[in-house]
A.B. asks: 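Just dropping this structure here.
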Amino acid sequence: KQEVTQIPAALSVPEGENLVLNCSFTDSAIYNLQWFRQDPGKGLTSLLLIQSSQREQTSGRLNASLDKSSGRSTLYIAASQPGDSATYLCALTQGGSEKLVFGKGTKLTVNP
Amino acid sequence: KAGVTQTPRYLIKTRGQQVTLSCSPISGHRSVSWYQQTPGQGLQFLFEYFSETQRNKGNFPGRFSGRQFSNSRSEMNVSTLELGDSALYLCASSLGVLNTEAFFGQGTRLTVV
């Protein structure tokens with residue numbers, strides 16, 4: 001059974017710092033890996049999608065990488081801002097299914 | 001381009017009642033998936049519909065059911081509500097072809113009292 005782990009569960013950093021969020025998974029036979037952001041009480045906002053044949057994706061200050069052989073993905077946030085404060089979730093699909101398997105998330109707080 | 005729309009945004013129901021939640025996917029998307037989010041369990045997959053057919057189902061009791069209409073809009077029904085069904089219910093829409101991005105609605109907050 002696929003398990004997705006995100007460590008740490010919470011992270012607090014000063015504004016302007018570069019940071020890395022980690023996501024690990026137990027079964028390397030995955031299709032997509034997607035990073036989401038969730039603000040309190042709201043839905044999920046898609047940040048980046050890494051498809052099975054790709055190793056990384058970039059959007060603005062965000063960069064996500066995927067290493068299937070080691071079962072890891074990282075989300076790099078450059079020059080963090082207070083508006084980046086949210087819970088970040090990674091999720092993956094496998095086996096020809098649209099079903100997303102989620103980690104529990106990392107709650108990020110960026111202090112002004 | 002309109003996003004994923006979920007209605008209603010908030011619901012309060014009494015134990016034993018039933019509830020129906022609605023999800024309108026992004027235009028052109030044929031797959032709709034439903035998830036339950038609770039503080040203890042995180043996000044858990046309920047089921048996925050594609051072209052009016054249930055393609056996948058998670059490990060939830062039969063009280064949870066769904067359907068999809070010809071215009072890809074989907075409804076989720078929970079019968080005989082229990083206190084533990086209180087959660088944020090999220091739906092996701094995608095093209096339904098492998099390796100495509102999933103987009104989520106704002107969710108329906110269900111409180112069972």
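Order of the sequence lines sets the chain letters (A, B, ...), proteins ahead of strands, with each chain counted from 1.
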A.B. asks: Checking B:Leu43 against chain A: side chain, backbone, both or neither under 4.5 Å from a heavy atom?
C.D. replies: both
A.B. asks: Is the count of non-hydrogen atoms from other residues, nucleotides or ligands lying under 6.0 Å from A:Lys68 atom NZ greater than 12?
C.D. replies: yes
A.B. asks: Using non-hydrogen atoms and a 4.5 Å limit, figure out which bit of B:Gln106 sits close to chain A: side chain, backbone, both or neither.
C.D. replies: both
A.B. asks: If I take atom CG from residue A:Leu100 and atom CG from residue B:Leu90, how far apart are they, to the nearest 0.5 angstrom?
C.D. replies: 11.5 Å
A.B. asks: Taking atom CZ of B:Arg73 as the centre, does the number of heavy atoms from other residues, nucleotides or ligands within less than 6.0 Å exceed 12?
C.D. replies: yes
A.B. asks: Identify whether A:Ile50 and A:Ile77 are in the same connected component of the hydrophobic contact network (ILVMFWY, side-chain heavy atoms under 4.5 Å).
C.D. replies: yes
A.B. asks: Are A:Leu44 and B:Leu46 connected in the hydrophobic side-chain network, where two residues link if heavy atoms are under 4.5 Å apart?
C.D. replies: no
A.B. asks: Decide whether B:Glu101 and A:Ser46 meet the rule of one side-chain donor and one side-chain acceptor closer than 3.5 Å.
C.D. replies: yes
A.B. asks: Counting only non-hydrogen atoms closer than 4.5 Å, does A:Lys104 touch chain B with its backbone (N, CA, C, O), its side chain (CB onward), both, or neither?
C.D. replies: side chain
A.B. asks: Output the distance between atom CD (A:Gln34) and atom OG (B:Ser94), rounded to the nearest 0.5 Å.
C.D. replies: 9.0 Å
A.B. asks: For B:Tyr35, is it the side chain, the backbone, both, or neither that has a heavy atom closer than 4.5 Å to a heavy atom of chain A?
C.D. replies: side chain
A.B. asks: Are A:Leu47 and A:Val4 connected in the hydrophobic side-chain network, where two residues link if heavy atoms are under 4.5 Å apart?
C.D. replies: yes
A.B. asks: Please check if atom CG in B:Asn59 has more than 12 non-hydrogen atoms from other residues, nucleotides or ligands closer than 6.0 Å.
C.D. replies: no
A.B. asks: Are B:Phe45 and A:Phe102 near enough that their ring centres are under 6.0 Å apart?
C.D. replies: no
A.B. asks: Rounded to the nearest 0.5 Å, what separation is found between the OG atom of B:Ser33 and the CD atom of A:Glu98?
C.D. replies: 6.5 Å
A.B. asks: Hydrophobic clustering (ILVMFWY, side-chain heavy atoms < 4.5 Å, transitive) - are B:Val112 and B:Met76 grouped together?
C.D. replies: yes
A.B. asks: Do A:Gln38 and B:Gln37 come close enough that some side-chain heavy atom pair is under 4.5 Å?
C.D. replies: yes
A.B. asks: Counting only non-hydrogen atoms closer than 4.5 Å, does B:Gln44 touch chain A with its backbone (N, CA, C, O), its side chain (CB onward), both, or neither?
C.D. replies: neither
A.B. asks: Give a yes or no on this: more than 12 heavy atoms of other residues, nucleotides or ligands lie within 6.0 Å of atom CZ of B:Arg63.
C.D. replies: yes
